Amino acid sequence: MTLDRYIDLDPAEGEIHTEELVAEEDVLVKAFALGPGAELSPHEHGGSTNVFHVLEGRVTVIQDEEEEEIDAPGVVLHERGVVHGARNDTDERAVLTASLCPLPS
C-alpha cells in the first residue's frame with residue numbers, strides 16, 4: 001500500500017504540470033508544478049474555499065488585485081468567490097497543491 005500521493009512533476013520553462021492527488025465527492029486536491037515563468041491564470045470558485053500549499057520553491061500568489069511572494073512551506077487561503085492564481089517568477093520549479101472544498105455542484 002502506498003499512502004504518499006505526492007508525485008514528481010518536472011515542467012519545462014513556461015509549462016504547468018498538474019495531477020489530481022485526491023478526488024472525492026467532497027474535496028479535490030491537485031498538484032501544480034510550475035516551470036520558470038509559468039502562470040496559473042487567475043480564476044474563482046464561487047461556492048468553494050480554495051487553499052494553496054506551497055511545497056517547493058517560491059510562488060507569486062495572486063488574490064484579487066494583490067500579489068505576494070510565498071516561499072515553501074507556505075499556506076494561502078482563498079475565501080469563496082475570491083479571484084486567485086499563481087505565477088513562478090523564479091528560475092527554478094515551484095510546486096503547490098490546491099485543495100477545493102466543497103466541490104462545485
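In what follows, every heavy atom counts, from backbone to side chain, and hydrogens, waters and symmetry copies are set aside. Residue indices begin at 1 and follow the sequence shown. Keep in mind the model is a prediction, meaning the values are calculated, not measured.
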Do [X] and [Y] have side-chain heavy atoms sitting under 4.5 Å apart?
X   : Y   : answer
E15 : L9  : no
E68 : V61 : no
V29 : S99 : yes
F52 : V59 : no
L34 : L96 : yes
H78 : E44 : no

Write down the atom of [X], the atom of [Y], and the distance for their closest heavy-atom approach.
X    : Y    : result
R80  : P102 : NH2-CD, 3.3 Å
P11  : G35  : CG-N, 3.3 Å
I16  : A38  : CG1-CB, 3.7 Å
L103 : E24  : CD1-O, 3.0 Å

With a 3.5 Å distance limit and no angle check, can you tell me whether T18 reaches the backbone of A31 through a side-chain donor-acceptor pair?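 It does not hold such a pair.
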
Mark yes or no for whether D64, through its side chain, and E66, through its backbone, hold a donor-acceptor pair below 3.5 Å.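 A pair under 3.5 Å: no.
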
Nearest-0.5 Å distance, OG1 of residue T90 to CD of residue E69: 9.0 Å

Tell me, yes or no, whether the heavy-atom count around E67 atom CD, taken from other residues, nucleotides or ligands under 6.0 Å, exceeds 12.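 Above 12, so yes.
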
Considering residues, nucleotides and ligands other than D26, do more than 12 of their heavy atoms fall under 6.0 Å from its CG?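 Count over threshold, so yes.
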
ILVMFWY cluster, [X] and [Y] together (side-chain gap under 4.5 Å):
X   : Y   : value
L21 : V27 : yes
F32 : I70 : yes
V75 : L77 : yes

Side-chain donor-acceptor pair under 3.5 Å between E19 and H17, yes or no? no

State which residue, out of I62, N50, V76, fulfils the side-chain contact (heavy atoms from CB on, under 4.5 Å) condition with H84.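 With H84 as partner, side-chain contact (heavy atoms from CB on, under 4.5 Å) holds for just one option, N50.
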
